[in-house]
Amino acid sequence: MKLTFVTAAIFLMSGFGFANNDADIGSTEQNHDLIQEYFDSTLENNEEASNNTDKDDNRFNRIAESTDGATATDASGEATSSTEVAPADDGSKPKKVSKKKKKKKPSEGEGSAGAGSGHGTQESGAPYSANVDLGLTYSSKSSTRKYSDTPLKDTSTKLELTLKYLFILAKMEIGPMIAYKSENSKIPNSSSSSTTKTASTIGFGGAFYFNLGNIHQDKFIPYAGLKLLKLSTNSTSKTDSSTETKSSSTSLDAGVELGSKYFMGGHVALKPFLSFDMTLSGEDKDDSSGSELVASVSGSKLSLGLGLATYF
């Protein structure tokens, strides 16, 4: 009886255990079905959202960049252009960029002129360093001597050339000078007799000038100068059919010159000038009478001339 009761109790307990296990298994299967249904519905929603081109979702609107430089499209389907970069040629080397050296501008103390201003620079950019000056003076003189019944007319012409090489030091110009003079004159002695005379003079000395302006920039520049010359003159005179007589003279002349320079370009200037020369000392030798006669010489001269200066 007891054995029968125990056996019945064991069967009842095992029945309840199997029943509980079946309940747990059923619950687990039900939860799995719910999760599977959730993921399936989510995937369907995502597919619908991706297939719907009219919907603009900022989370998925991103620009895709093309790796080969081609045109890329964004999530909305619109094409976006990308800049193509040409690949570097492995066989080519980068070219060297040559830099031009800037020319050094002369300082203001040197009287320089910058690019586009003034005229006083050479092609190298350096200021003027020297000046070659050529001066020309020509004069013609005519005078009449009238006696009681006979007028006598004297005529003379004179040509004077000067050449200077002047070094430029700021506003000053200084250097050696050479001069040449030629004179022809005709002096009537009577209505039927006259004396002709020719003279040539050469002189060596120096000159100094001071510019009242900047020769490197100004176009019109007044100037003042001093010059000193040692002159030597040889002359020949002849009266009609008589023999020629020769004479010579030497003198030391000092002069003052006033003028202006007008630049016609970067290197050439015209120089009209007025000069006053005075003989400091000199002597004249004449041997026309058969014996040499020596006389002292003094005098002064006023002349108007035109010069041409070349600066470099």
Shared ILVMFWY cluster between [X] and [Y], side chains joined below 4.5 angstrom?
X	Y	answer
Tyr223	Leu166	yes
Leu212	Phe208	yes
Val268	Phe220	yes

Minimal non-hydrogen separation, [X] against [Y], with atom names:
X	Y	value
Ser303	Leu274	O-CD1, 3.3 Å
Ser193	Thr239	OG-CG2, 3.7 Å
Thr157	Ser140	CG2-OG, 4.0 Å
Ser142	Thr155	OG-CG2, 4.1 Å
Asp253	Ser251	OD1-OG, 3.4 Å

Checklist entry - When you look at Thr236 and Thr198, which way does the side chain to side chain donor-acceptor pair (under 3.5 Å) test go after all the steps? => result CA-CA 5 Å; Thr236 301; Thr198 61; 4.7 Å; no
Checklist entry - Counting N and O atoms only, with roles assigned by atom type, does the side chain of Asn211 sit under 3.5 Å from a partner on the main chain of Gly213, one being a donor and the other an acceptor? => result no
Next on the checklist: Can you list everything that forms a ring pair (Phe, Tyr, Trp, His ring centres under 6.0 Å) with Tyr138? Sequence neighbours excluded, please.
Outcome noted: none
Checklist entry - Taking only residues two or more places apart in sequence, or in another chain, which ones meet Phe263 in a ring pair (Phe, Tyr, Trp, His ring centres under 6.0 Å)? => result His119, Tyr311
Does any non-hydrogen side-chain atom of [Y] lie less than 4.5 Å from one of [X]?
X	Y	value
Asp154	Pro188	yes
Val132	Phe312	yes
Thr279	Leu252	no
Leu306	Pro272	yes

Roughly how far, to the nearest 0.5 Å, is [atom2] of [Y] from [atom1] of [X]?
X	Y	atom1	atom2	result
Thr310	Leu308	OG1	CG	5.0 Å
Asn214	Lys219	CG	NZ	15.5 Å
Lys261	Leu270	NZ	CG	12.5 Å
Phe273	Thr162	CZ	OG1	5.5 Å
Ser235	Glu244	OG	CD	11.0 Å
Leu161	Lys181	CG	NZ	11.5 Å

Under the side-chain contact (heavy atoms from CB on, under 4.5 Å) test, which residues partner [X], sequence neighbours left out?
X	value
Leu134	Leu163
Ser232	Thr250
Lys171	Phe210
Asp277	Lys227, Ser275, Lys301

Item to check | ring-ring contact (aromatic ring centres under 6.0 Å, His included) contacts touching residues 168-191 (sequence neighbours left out) | outcome: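 Counting only pairs at least two positions apart or across chains, no ring-ring contact (aromatic ring centres under 6.0 Å, His included) contact touches residues 168-191.
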Item to check | Pairs flagged by ring-ring contact (aromatic ring centres under 6.0 Å, His included) wherever residues 152-171 is involved - sequence neighbours left out | outcome: Tyr165-Phe167
For [X], give me all partners under side chain to side chain donor-acceptor pair (under 3.5 Å), at least two apart in sequence or on another chain.
X	result
Ser237	Thr245
Lys158	none
Thr137	none

Next on the checklist: One pair to check against side chain to side chain donor-acceptor pair (under 3.5 Å): Ser185 and Ser156. What are the steps and the verdict?
Outcome noted: CA-CA 4 Å; Ser185 61; Ser156 66; over 6 Å; no
Checklist entry - Is the count of non-hydrogen atoms from other residues, nucleotides or ligands lying under 6.0 Å from Phe276 atom CZ greater than 12? => result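 For Phe276, atom CZ is crowded (more than 12 foreign heavy atoms under 6.0 Å).
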Item to check | Crowding at NZ, Lys197 (>12 non-hydrogen neighbours, <6.0 Å) | outcome: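 No.
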Item to check | Cationic tip of Lys164 above Tyr209 ring, under 6.0 Å, 45° of axis | outcome: no
Checklist entry - Does the side chain to side chain contact (heavy atoms under 4.5 Å, CB included) test come out yes or no for Ser194 and Asp240, once each step is laid out? => result CA-CA 6 Å; Ser194 63; Asp240 295 337; 4.1 Å; yes
Checklist entry - Residues sharing Leu229's hydrophobic cluster, by side-chain heavy-atom contacts under 4.5 Å among ILVMFWY, directly or via others? => result Met177, Leu231
